[in-house]
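First comes the structure, then the notes that go with it.
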Amino acid sequence: MPGVTGEAELHTAQTQAQRLTRICPRVLITGVAAGRGIACVGADRATGESLVRTPMVPKSFHGTGDIFGAVLVGRLLQGNVLPAAAQAAAVFVADCLKATPDEADERLGVWLESVLPRLMQNPE
């Protein structure tokens, strides 16, 4: 949701996510700017709404959405609820971004190798 930055816009994203549960049981809108952080706004037909915020890491690299999606699905398959899975995925991507040198070529993606062992720790 480009241009979403304030609490009112977060509410709009939440409303849109909830509306989408009419056609899909679980919805997650990622990359919602939330002040100095970034948010994942979710809705679950059975359990309701969720909001996950993480600090903004001011870097942009190809493949971070794929990494987020892989960790999200992995955590869901482990039995985590949507908010916990989104939190784990967001934290992992942020950790990958922090582990990647500022001068790295953004076209080559993040340096995730040193961060991968964290996926084996505390799967909640």
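Keep in mind it's a predicted model, so treat the numbers as computed, not measured.
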Is the backbone N or O of [Y] less than 3.5 Å from a side-chain atom of [X], with the two atoms forming a donor-acceptor pair by type?
| X | Y | value |
| --- | --- | --- |
| N80 | A85 | no |
| K59 | T100 | yes |
| T64 | S60 | no |

Partner set under side chain to side chain contact (heavy atoms under 4.5 Å, CB included) for E49, not counting sequence neighbours
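By the side chain to side chain contact (heavy atoms under 4.5 Å, CB included) rule, E49 matches Q14, Q18.
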Using 0.5 Å steps for rounding, measure from the [atom1] atom of [X] to the [atom2] atom of [Y].
| X | Y | atom1 | atom2 | answer |
| --- | --- | --- | --- | --- |
| L28 | L20 | CG | CG | 11.5 Å |
| R19 | C24 | CZ | SG | 14.5 Å |
| L72 | I67 | CG | CD1 | 13.5 Å |
| F61 | D105 | CZ | CG | 8.0 Å |

With the 4.5 Å side-chain cut-off for hydrophobic clustering, are [X] and [Y] part of the same group?
| X | Y | answer |
| --- | --- | --- |
| V27 | V52 | no |
| V71 | L116 | yes |
| V91 | F68 | no |

Checking side chain to side chain contact (heavy atoms under 4.5 Å, CB included) against C40, which of L51, T54, T30 comes through?
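Considering L51, T54, T30, a side chain to side chain contact (heavy atoms under 4.5 Å, CB included) with C40 is found only for T30.
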Report the C-alpha separation of R53 and L10 in whole Å, then their side-chain angles, then the decisive distance to 0.1 Å, and conclude whether the side chain to side chain contact (heavy atoms under 4.5 Å, CB included) test is met.
CA-CA 11 Å; R53 294 180 194 234; L10 282 173; 3.4 Å; yes
Should we count CZ of R45 as having more than 12 external heavy atoms under 6.0 Å?
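Buried by this count: over 12 neighbours within 6.0 Å.
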Side chain proximity check, [X] to [Y], heavy atoms < 4.5 angstrom:
| X | Y | value |
| --- | --- | --- |
| L82 | Q87 | no |
| L108 | H62 | no |
| V41 | H11 | no |
| W111 | P101 | yes |

Using every non-hydrogen atom in the two residues, find where [X] and [Y] come nearest and quote the distance to one decimal.
| X | Y | result |
| --- | --- | --- |
| A94 | V57 | CB-CG2, 4.0 Å |
| S114 | A99 | OG-CB, 3.9 Å |
| I29 | A13 | CD1-O, 3.5 Å |

Other cluster members, M56 - Ile/Leu/Val/Met/Phe/Trp/Tyr, side-chain contacts below 4.5 Å
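Noted: M56 shares its cluster with I38.
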Let's go through R118 and D95 carefully: what are the C-alpha distance in whole Å and the side-chain angles of both, what is the deciding distance for side chain to side chain contact (heavy atoms under 4.5 Å, CB included) to 0.1 Å, and is it a yes or a no?
CA-CA 9 Å; R118 295 182 195 172; D95 288 347; 3.1 Å; yes
Which is it for R75 and L119 under the side chain to side chain contact (heavy atoms under 4.5 Å, CB included) test, yes or no, and what are the steps along the way?
CA-CA 10 Å; R75 295 295 183 170; L119 290 177; 4.2 Å; yes
